[in-house]
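Contents: one structure, followed by commentary.
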Amino acid sequence: MKLVHTIADLREALAPHRSPAFVPTMGNLHAGHLDLVRQAQPLGDVTVSSIFVNRLQFGPNEDFDTYPRTLQTDCARLEEAGCDIVFAPPEKELYPEPQVYKVQPPSDLADILEGHFRPGFFIGVCTVVMKLFQCVFSDAKGPRYALFGKKDYQQLMIIRRMVQQFAMPVQVIAGETQRAPDGLALSSRNGYLSETERAEAVQLNLTLRALARDALAAAGSLPARREALEAQAMRSLAVRGWKPDYLTVRRRSDLQVPRAEDALSPQSLVVLGAARLGNTRLIDNLEI
Ligand code: PAF
């Protein structure tokens with residue numbers, strides 16, 4: 001496996017290849033990332049991963065400074081998972097000057113849910129993903145693949161639409177959320193949890209499951225009952241000491257609130273949630 005730090009070295013390492021399969025990450029890798037790398041391997045003729053903690057997608061009070069930087073361990077894991085090239089640029093390489101050109105995703109998709117609680121988050125994500133795609137894919141001659149986990153459901157959807165709207169020659173592929181045996185979605189931020197918090201953390205998933213059951217049971221009356229069901233789910237986490245941002249039932253297709261016909265058609269809904277446990281903000285979702 002090659003580790004490169006500059007765009008020039010990345011392009012040189014990619015030169016003999018036609019068809020990169022790319023897994024962008026911010027490092028501090030867990031089994032979910034490695035699963036994406038394994039899924040990437042049979043797709044292209046070279047598997048590339050990036051490790052870059054992207055300042056643009058962090059708010060002023062978020063964890064950019066404390067986000068774990070674990071390059072050595074990450075590289076060992078990526079090599080074991082079969083990655084061929086790791087691109088780990090220093091900040092000055094990707095942002096040699098302030099990044100004043102940015103990708104502005106549409107408000108109906110990017111200013112709701114995560115975007116509502118993390119203003120500017122998806123501008124930062126889209127901008128860096130667009131730039132990373134330029135670094136990895138610009139000289140490719142064959143099909144290009146990019147893999148993203150479903151745990152960041154809204155991110156996946158926004159990137160899919162960005163690729164489509166800009167006619168980028170990239171196939172976006174989704175990886176299933178990987179979970180700990182108790183059901184907690186794997187996340188780089190789980191490492192922030194204390195032992196007690198870790199035991200409690202699965203409640204986000206359990207509460208989403210309960211909300212999913214209630215939403216399915218409501219069927220055609222979901223539009224009338226949705227807000228009450230969501231409020232009940234938020235309360236059940238709040239009484240356990242969580243600070244929920246949102247727990248909500250949405251249409252899978254565009255993350256808008258479901259109408260009766262959506263609620264009645266199979267596999268058309270997703271429940272999504274974000275909540276703070278102590279100082280750690282966790283997110284999760286379930287397609288239902
Ligand atoms: O999901 C992530 O880890 C990040 O948002 C991504 C896609 C690597 C962009 O920085």
Side-chain angles (χ1 to χ4, degrees), residues 7 10 20-37 39-40 47-59 62-71 73-75 77-78 81 83 85-91 93-95 99 102-105 109-110 113-115 117-137 144-163 166 168 170-178 185-192 272 274 280-285:
I7 299 171
L10 173 67
F22 176 43
V23 180
T25 83
M26 296 205 301
N28 195 25
L29 303 181
H30 52 69
H33 296 112
L34 303 177
D35 189 64
L36 291 177
V37 171
Q39 210 179 314
T47 304
V48 188
S49 188
S50 61
I51 296 178
F52 181 69
V53 185
N54 173 37
R55 186 187 292 274
L56 283 190
Q57 70 190 72
F58 286 78
E62 294 186 349
D63 54 345
F64 175 76
D65 289 327
T66 51
Y67 200 87
R69 272 89 169 161
T70 52
L71 183 63
T73 336
D74 290 343
C75 284
R77 289 192 177 153
L78 285 170
C83 183
I85 302 173
V86 180
F87 177 45
E91 201 171 14
E93 179 69 12
L94 225 48
Y95 300 133
Q99 182 71 30
K102 293 184 182 159
V103 180
Q104 172 94 52
L109 199 50
L113 308 173
E114 284 305 282
F117 289 94
R118 305 183 68 187
F121 172 64
F122 289 115
I123 295 177
V125 169
C126 288
T127 303
V128 81
V129 168
M130 163 89 99
K131 198 155 186 175
L132 289 167
F133 281 3
Q134 284 300 113
C135 299
V136 175
F137 293 132
R144 299 127 166 112
Y145 304 92
L147 293 91
F148 296 86
K150 279 194 189 174
K151 202 204 94 195
D152 296 289
Y153 202 85
Q154 192 178 1
Q155 167 175 283
L156 170 66
M157 179 167 286
I158 288 174
I159 290 169
R160 271 193 200 290
R161 272 186 67 187
M162 174 179 82
V163 163
F166 285 110
M168 295 176 171
V170 178
Q171 292 183 41
V172 174
I173 292 170
E176 292 302 324
T177 302
Q178 300 298 306
L186 297 188
S187 160
S188 300
R189 291 189 167 97
N190 291 351
Y192 296 154
L272 307 106
T280 309
R281 187 172 181 279
L282 299 175
I283 65 171
D284 198 357
N285 65 79

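Scope of the values below: all heavy atoms of this structure, side chains included, with no hydrogens, waters or symmetry mates. Not measured: the values here are computed from a predicted model. Indexing begins at 1, ligand by ligand and atom by atom, following the structure's order.
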| query | Is N54 in polar range of ligand 1, meaning some N or O pair under 3.5 Å apart? | reply | no

| task | Hey, could you give me the CG/NZ distance between L56 and K131, rounded to the nearest 0.5 Å? | result | 8.5 Å

| remark: V128 heavy atoms within 4.0 Å reach ligand 1 at atoms 9 (C), 10 (O)

| field | Chi angles and distances behind the side chain to side chain contact (heavy atoms under 4.5 Å, CB included) call for L34, L78 | value | CA-CA 7 Å; L34 303 177; L78 285 170; 4.2 Å; yes

| Identified side chain to side chain donor-acceptor pair (under 3.5 Å) partner of K150 from the options E176, Q178, Q155 | E176

| query | Taking T127 for the side chain and K102 for the main chain, is one N or O donor matched with an acceptor at less than 3.5 Å? | reply | no

| task | Compute both the distance and the angle, then confirm whether R69 meets the cation-pi test with F64: under 6.0 Å from the six-membered ring centre, within 45 degrees of the axis. | result | yes

| query | What is the closest protein heavy atom to atom 9 (C) of ligand 1, and at what distance does it sit? | reply | Q57 OE1, 3.4 Å

| field | Residue and atom name of the nearest protein heavy atom (relative to atom 5 (O) of ligand 1), distance in Å to one decimal | value | Q155 OE1, 2.7 Å

| query | Taking heavy atoms and a distance under 4.0 Å, where does T25 meet ligand 1: side chain, backbone, both or neither? | reply | backbone

